[in-house]
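For reference, the structure is listed below as structure tokens.
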Amino acid sequence: MKNIIGKVISQGLDTLIEEGLLSKEAKDSVHIERARDRQHGDFASNIAMVLAKQAKMAPCAIAEKLLAAMPSHASITEVNIAGPGFINFKLATQTQSAIIDTVRQAGEEYGKSKVGAGEKVMLEFVSSNPTGPLHVGHGRGAAYGDALRRLLNACGYEAHAEYYVNDAGRQMHILAISVYVRYLEAAGQPASLPANGYKGAYVSDLGAALYTNEGDDLLLELATLFADLPEDEEASIDALISRVQTGLGEKKYGLVFDAGLNALVEDIRQDLSEFGVEFETWYSERSLVDKGMISAAVEVLKSNGKLYEQAGAWWFKSTDYGDEKDRVVLRANGAHTYFAADIAYHLDKRQRGYDKLINIWGADHHGYIPRVKAAFSAMGEDAERLHVLWVQFAVLYRGEEKVSMSTRGGDFVTLRQLREEVGNDAARYFYVMRKPEQHMDFDLELAKSQSADNPVYYVQYAHARVCSVYRQLEEKGLQPGVDADYSLLGEQQELDLMMQLARYPEVVEKAARDYAPHQVANYLRELATAFHAYYNAHPFISSEENLRNARLALIDAVRVVIACGLNTLGVSAPEAM
RNA sequence: GCCCCGGUAGCUCAGCUGGAUAGAGCAGCCGCCUCCUAAGCGGCAGGUCGGACGUUCGAAUCGUCUCCGGGGCGCCA
């Protein structure tokens with residue numbers, strides 16, 4: 001429809017250009033949008049106002065000349081000039097109603113496009129440290145990342161989801177030590193968890209399970225283990241880690257370490273899977289180390305002249321790329337930093353053939369973005385290929401009270417708890433209905449007690465209502481007709497619905513381009529509103545067969561689009577509620 | 001101190017590649033089930049788009065400054 005109008009305007013401009021009123025560049029400025037207000041028609045163009053300056057004419061005067069120069073078209077029933085110089089177009093009903101068949105024929109393919117042209121996209125998200133179960137903050141990243149993947153795939157990209165498992169850092173050793181202390185307790189030993197160890201109940205469960213499996217094999221002399229630990233909390237736990245490591249030896253320590261790691265990764269995987277979020281790959285940080293990829297990456301940077309040595313450490317010149325300060329990649333003690341691993345990881349993503357890399361990080365990591373982009377460039381990659389998006393935290397409230405969230409302290413609401421309370425659909429919709437960079441107040445009391453007010457039900461209800469109408473039809477022994485006369489659909493609500501249906505592919509494309517699934521959620525609410533209004537205003541199962549068939553076809557198209565949209569968000573479209 | 005994100009109706013938020021009277025949900029008030037699910041619909045009320053200046057025919061939208069809220073600035077991950 002837009003194309004038709006564009007063509008008409010373009011032809012009109014050609015005439016004016018020939019007459020010397022406008023220059024050839026005028027045609028580059030043609031912009032057509034859907035009219036905001038019904039009264040303005042269906043589409044509008046601001047071309048006359050844009051060209052006013054260049055032509056040294058009043059917008060309305062240009063509009064009038066253009067109007068006279070534009071050829072008529074069967075699909076356009078009305079053209080007029082309004083406001084400061086908008087040209088409004090009204091389309092023929094039969095042109096608009098064609099969308100009904102378009103939608104129904106496309107089915108679940110409706111709205112999909114090929115704009116991505118098969119570009120391989122790596123979407124990395126959640127990637128929470130496997131030191132505890134996912135909490136509601138991670139849920140937002142999961143819902144957002146997965147919706148984005150679905151959106152990109154709908155637009156012809158080949159998007160894969162990856163979870164980067166941080167299984168190589170100090171935090172994992174702290175988890176191991178926490179599990180070990182709980183193991184000792186399970187063995188009846190009077191051990192005590194360091195102040196900054198992981199305190200969640202799941203750690204006790206892991207310790208107890210470890211005792212069940214290994215018995216007394218992993219016991220160490222308590223007196224020497226806990227004697228004379230440094231006063232500083234961090235130093236203390238580091239000392240404890242190294243004592244347990246040497247005391248147990250590599251193999252036994254590995255048992256303890258893996259007991260925590262494997263159980264938690266599996267727990268996270270299952271949690272996400274139940275949430276409808278599946279990852280193509282789970283990428284281990286340790287595997288980067290084991291394959292020597294970190295040293296390889298460091299060597300590349302060294303040979304590119306991007307590293308220098310100072311105070312025994314190797315620094316990356318990220319300031320050359322606009323970062324605030326240079327960053328350490330190899331510490332004085334020889335160990336690589338997390339940053340070094342990340343450099344190798346991003347290089348590996350490219351080497352695995354991904355054209356575009358999208359990372360979704362929590363807001364607490366945003367200061368980290370410049371150095372990663374810097375390193376990416378320094379490796380000879382195009383920084384434009386790397387997009388780092390970040391989601392703001394969901395600040396949790398229980399009524400008026402803010403809920404503190406600390407994984408170490410074990411005081412947090414898990415994603416699983418949230419899902420059980422409000423259900424997957426409500427949780428997912430709630431998460432993605434806000435744009436990611438918006439701070440989000442997540443009131444648990446509200447989500448739990450008033451879950452029926454969640455907008456997801458409003459949209460799902462529209463879908464269920466259409467299904468219900470078709471069930472009613474069947475009960476009355478009627479069949480939806482094959483031939484429907486759409487010219488009977490002239491009611492305002494019917495035209496509104498057709499317009500909404502036609503808009504869906506544009507919404508999907510824009511949402512994918514903006515990395516903004518919330519735009520789909522907003523659209524669905526608008527479509528559902530239009531449907532509910534229609535439902536209340538007009539009976540569908542009317543006695544007049546032609547009208548009935550036309551209306552049934554229209555609402556079936558609505559059902560199809562709602563299902564498409566909900567699916568894009570990872571939310572189900574129930575046939576009954 | 002520097003950097004990033006937010007500041008739009010009582011509350012939670014859309015709108016932001018400039019465009020016509022600034023939108024939705026919730027909360028409030030008034031109506032609507034002999035009729036396809038009332039998890040619904042119709043109506044009323046509610047706004048200095050944080051503030052100032054600037055750019056423009058036109059600014060919630062762009063620029064500069066400023067105020068408020070949140071976050072980030074490790075040889076942590």
Side-chain angles (χ1 to χ4, degrees), chain A residues 31 33 35-37 39-40 44 46 49-50 52-53 58-59 82-86 88 127-129 131 166 168-172 174 234 285 310-315 323-325 327-342 362-370 390-393 395 433-443 446 450-462 464-473 475-476 510 513-514 518-519 521-523 525-526 528-529 531-542 548 551-552 555 576-577:
Chain A
H31 182 72
E33 59 187 31
R36 274 195 205 170
D37 192 326
Q39 293 173 349
H40 297 143
N46 63 350
M49 288 179 287
V50 174
K53 192 174 247 181
F86 286 99
N88 293 330
S127 295
S128 146
N129 282 353
T131 53
N166 298 127
R170 176 168 173 265
Q171 294 306 321
M172 289 309 301
I174 294 176
E234 300 298 326
E285 182 186 358
Q310 187 187 311
W314 282 89
W315 298 70
D323 194 11
E324 295 170 357
K325 54 178 98 167
R327 311 290 179 173
V328 171
V329 289
L330 289 180
R331 288 181 239 162
N333 66 9
H336 68 265
T337 59
Y338 176 83
F339 178 44
D342 235 9
D364 55 337
H365 279 63
H366 89 259
Y368 187 67
I369 297 172
W390 41 289
V391 289
Q392 279 289 353
F393 298 123
V395 182
M433 63 186 267
R434 307 264 151 89
K435 60 183 175 188
E437 64 269 31
Q438 178 68 253
H439 299 222
M440 183 169 144
D441 286 347
F442 203 132
D443 187 335
L446 195 72
Q450 298 188 15
S451 60
D453 289 338
N454 193 304
V456 68
Y457 297 112
Y458 182 82
V459 176
Q460 288 182 320
Y461 185 42
R465 265 186 157 174
V466 177
C467 296
S468 174
V469 169
Y470 271 77
R471 281 194 297 270
Q472 291 281 327
L473 188 73
E475 280 170 25
K476 288 181 179 163
K510 184 173 190 304
R513 196 169 56 236
D514 295 345
H518 75 275
Q519 291 174 4
N522 289 336
Y523 164 81
R525 168 159 263 289
E526 286 169 29
T529 297
F531 171 76
H532 287 308
Y534 182 38
Y535 182 97
N536 276 273
H538 303 285
F540 306 143
I541 307 179
S542 66
R548 182 173 72 223
R551 286 180 170 172
L552 287 172
I555 65 169
M577 289 174 74

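Below, chains carry the letters A, B, ... as their sequence lines are ordered, and counting in each starts from 1.
A close approach under 4.0 Å does not occur between any side-chain nitrogen or oxygen of A:K435 and OP1 or OP2 of B:C5. Phosphate contact (OP1/OP2 of B:U37, side-chain N/O of A:Q472, threshold under 4.0 Å): present. Using a 4.0 Å cut-off, no side-chain N or O of A:Q438 falls inside it from OP1 or OP2 of B:G70.
With both ends at atom P, the span from B:C65 to B:G71 equals 24 Å, rounded to whole Å. Using P as the reference atom, B:C73 and B:G54 are 39 Å apart when rounded to the nearest Å. Nucleotides B:U34 and B:A38, compared at atom C1', are 16 Å apart to the nearest Å.
In this structure, the CG atom of A:N536 is 14 Å from the C1' atom of B:G43, given to the nearest Å. B:G42 atom P lies 11 Å from atom NE2 of A:H538, rounded to whole Å. Here the C1' atom of nucleotide B:A39 and the OH atom of A:Y458 are 11 Å apart, to the nearest Å. Protein atom NE2 of A:H532 is 16 Å distant from nucleotide atom C1' of B:C33, rounded to whole Å. Going from atom OH of A:Y457 over to atom P of B:A38 covers 18 Å, rounded to whole Å. The distance from atom CE of A:M433 to atom C1' of B:G15 is 15 Å, rounded to the nearest whole Å. B:G25 atom C1' lies 19 Å from atom OH of A:Y523, rounded to whole Å. Nucleotide B:G40 holds its P atom 12 Å from the CD atom of A:Q460, rounded to whole Å.
Residue contacts shown for A:A464 include a base, since a base heavy atom lies under 4.0 Å away.
Residues passing the side-chain contact (heavy atoms from CB on, under 4.5 Å) test with A:E33 are A:H31, sequence neighbours excluded. Not counting sequence neighbours, the partners of A:D514 by the side chain to side chain donor-acceptor pair (under 3.5 Å) test are A:K510, A:Q519.
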Polar-atom pairs under 3.5 Å, protein N or O versus N or O of nucleotides 19-23 of chain B: list them with distances, or write none.
residue, atom, partner, partner atom, Å
B:G19, N7, A:N46, ND2, 3.1
B:A20, OP2, A:R36, NH1, 2.6
B:A20, OP2, A:R36, NH2, 3.4
B:A20, N6, A:N88, OD1, 3.0
B:A20, N1, A:N88, OD1, 3.3
B:A20, N1, A:N88, ND2, 3.1
B:U21, O4, A:D37, OD2, 3.3

Could I get a table of every N or O pair under 3.5 Å where one atom is in the protein and the other is in nucleotides 75-77 of chain B?
residue, atom, partner, partner atom, Å
B:C75, O2, A:A332, N, 2.9
B:C75, N4, A:A311, O, 3.1
B:C76, OP2, A:R331, NE, 3.2
B:C76, OP2, A:R331, NH1, 2.9
B:A77, OP1, A:R331, NH2, 2.7
B:A77, OP2, A:Y338, N, 3.2
B:A77, O2', A:N129, OD1, 3.3
B:A77, O2', A:N129, ND2, 2.9
B:A77, N1, A:H365, NE2, 3.3
B:A77, N3, A:H365, NE2, 3.4

Please list each protein N or O that sits under 3.5 Å from an N or O in nucleotides 9-12 of chain B, with the distance.
residue, atom, partner, partner atom, Å
B:U12, O2', A:R434, NH1, 3.1
B:U12, O2', A:R434, NH2, 2.8

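For B:C33, the base is syn relative to its sugar; the glycosidic angle is within 90° of 0.
Taking 4.5 Å as the limit, some side-chain heavy atom of A:Y470 sits within range of a side-chain heavy atom of A:I555.
Among pairs with a residue in residues 327-337 of chain A, those fulfilling salt bridge (charged side-chain N to carboxylate O under 4.0 Å, His left out) read A:D323-A:R327, at least two apart in sequence or across chains.
Side-chain atoms of A:H366 stay outside donor-acceptor range of the base of B:G72, with no qualifying N/O pair under 3.5 Å.
Between A:L473 and A:R548 the shortest heavy-atom distance is CD1-CD, 4.3 Å.
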